[in-house]
Amino acid sequence: MIEVDKNGEEEKKVYRATTKCPECDSPLIRQDYERGEIVCDSCGLVIEENLMDQGAEWRAFDYEQMVKRARTGAPMTYMIHDKGLSTFIDWRDANVQGKSASNIQRLRKWQNRVRVSSSSERSLIFAISEIDRMGSALGLSKDVREAAALMYRKAMEKDLIRGRSVEGLATAILYAVCRQKGIPRTLEEVGSVSRVKQKEIGRTYRFLSRELDFRLQPSSPSEFVSRFCSRLNLKEDVRAKAIEIVNQAEQQELTVGKGPISIAAAAIYIAARLCGDTRTQKEVAAATGVTEVTIRNRYKDIVEALGIELPQLQPSSTTASNLTSSSSPLSSEKELSG
DNA sequence: CGGAGTAAAAGGCACTT
DNA sequence: AAGTGACTTTTACTCCG
């Protein structure tokens, strides 16, 4: 939207407040100030990027200049096995001048042979379709799937595919890309849409990270919080509180060596109780894929170290229809800061 | 039922023969 | 490449209100 100010001299862009992700319709929109992006926590779609500069750096004053200066053509995609860039040779046996040329037939033959016939190319087609299938089953945005397809190409160039299952590679790559993009999926989730067992996904992932040398530090628990919260039908305040708890736990180094998912689960459990919207350990365990015992252990650590005082549990657990917040939501703020 | 807690088994990771 | 060791998580269980 363009808004013209009183003098009519300056134009400024006004960003409409996006409330839902255009791709997956999830309300988990987050502004990532460090990266200058607005991203969807659920599918990882980058809704707005480079918030300052949207347009091209050049200007054109007439049509001729525009054609000259535009550098883009048809969009390139990694999802088509030849990136959509392959050359097709026309069926007529004629060159540009219209004269018949005998070598064109030979050219066309080779072209078609090279384009799809090598076995690696065929496995790439399969891998990309698998990445696409699993990616959409996990609700991942297109750019995540694109990045996965790109990484598969890189793996192919380094000859890492030979002798390994295409399916396993594709799954591990998808898992890796999710982590890279800061929207990690658990091994359990990825495994559930793949025909490969979790164990092999993990093993292949480690192999890839060694060979392709992407330095990924372990994902932060906060990257899981949003998805788990929505799974538990928890509201925004709980999500914010849980992330706050995670951040403080990280500062106090309570998270090193622990599984990030465990920390996220514990933080959510604590946050839900603090906000008066309690979930049982069983529910949290089911939503996060960790055990109740683990939630207990982690959450006890956190509560102790951060000096959080949890409100007592109400025995009226059966369909607590009264959502009257037991204590003011702000009171927990002080407890956390100490 | 929901939570607290425990011991032992299992699993993953960084190391070493 | 199997072994080791410190570690977290899971399994299975008991106890409490």
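Chain letters run A, B, ... following the sequence lines, proteins first and then strands; every chain starts at 1.
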Can you name the side chain to side chain contact (heavy atoms under 4.5 Å, CB included) partners of [X], sequence neighbours left out?
| X | result |
| --- | --- |
| V46(A) | E37(A), V39(A), E49(A), D143(A) |
| S136(A) | R145(A) |
| A264(A) | P221(A), F224(A), V225(A), F228(A) |
| E283(A) | L232(A), R279(A), T280(A) |

Can you give me every donor-acceptor pair (side chain of residues 161-173 of chain A, partner residue at least two apart or in another chain, under 3.5 Å) with its distance?
from, atom 1, to, atom 2, distance (Å)
R162(A), NH2, D159(A), OD1, 3.4
R162(A), NH2, D159(A), OD2, 3.1
R164(A), NE, L160(A), O, 3.3
S165(A), OG, G168(A), N, 2.7
T171(A), OG1, E167(A), O, 2.6
T171(A), OG1, S194(A), OG, 2.9

Task: Side chain S220(A), main chain S222(A), donor-acceptor under 3.5 Å - done: yes
TODO: Indicate yes or no for a side-chain donor-acceptor contact from R298(A) to the backbone of T255(A) under 3.5 Å, with no hydrogens or angles considered.
DONE: no
Pull out every protein N or O sitting under 3.5 Å from an N or O of nucleotides 11-13 of chain B, one pair per line with the distance.
from, atom 1, to, atom 2, distance (Å)
dC13(B), OP2, R206(A), NE, 3.2
dC13(B), OP2, R206(A), NH2, 3.0

Open item on the list: Once salt bridge (charged side-chain N to carboxylate O under 4.0 Å, His left out) is applied, do any residues pair with E236(A), and if so which ones, sequence neighbours excluded?
Closed with: R239(A)
With a 3.5 Å cut-off and sequence neighbours excluded, list the donor-acceptor pairs that the side chains of residues 199-212 of chain A form with protein atoms.
from, atom 1, to, atom 2, distance (Å)
T204(A), OG1, E200(A), O, 2.7
Y205(A), OH, R179(A), NH1, 3.4
S209(A), OG, R206(A), O, 3.0

TODO: For T294(A), answer base if it contacts any base atom (sugar-phosphate contacts may also be present), sugar-phosphate if it contacts only those atoms, and nothing otherwise; contact means non-hydrogen atoms under 4.0 Å.
DONE: base
TODO: Describe the nucleic acid contact of R298(A) in one word from base, sugar-phosphate, nothing, applying a heavy-atom distance below 4.0 Å.
DONE: sugar-phosphate
Open item on the list: Strictly by ring pair (Phe, Tyr, Trp, His ring centres under 6.0 Å), give each pair with a member in residues 120-160 of chain A just once, sequence neighbours left out.
Closed with: none
Open item on the list: What I want to find out is whether E157(A) reaches K154(A) closely enough, with some N-O distance under 4.0 Å, to be called a salt bridge.
Closed with: no
Give me, pair by pair, the N or O atoms of the protein and of nucleotides 4-6 of chain B that are less than 3.5 Å apart, along with how far apart they are.
from, atom 1, to, atom 2, distance (Å)
dA4(B), OP1, Y299(A), OH, 2.7
dA4(B), OP2, Q281(A), NE2, 2.7
dA4(B), OP2, Y299(A), OH, 3.3
dA4(B), N7, R296(A), NH1, 3.4
dG5(B), OP2, K300(A), NZ, 3.3
dG5(B), N7, R296(A), NE, 3.2
dG5(B), N7, R296(A), NH2, 3.4
dG5(B), O6, R296(A), NH2, 2.9

Open item on the list: I'd like to check V284(A) versus Y299(A) (side-chain heavy atoms, cut-off strictly below 4.5 Å). Are they in contact?
Closed with: no
Task: Residue-level proximity of residues 171-191 of chain A to DNA chain C when a heavy atom falls under 4.0 Å - done: none
Open item on the list: Reading DNA chain C from 5' to 3', where do the contacts with chain A start and stop? Cut-off is 4.0 Å to heavy atoms.
Closed with: dT8(C) to dA12(C)
Task: Interatomic spacing from CZ in R273(A) to CG in L310(A) - rounded to 0.5 Å - done: 4.5 Å
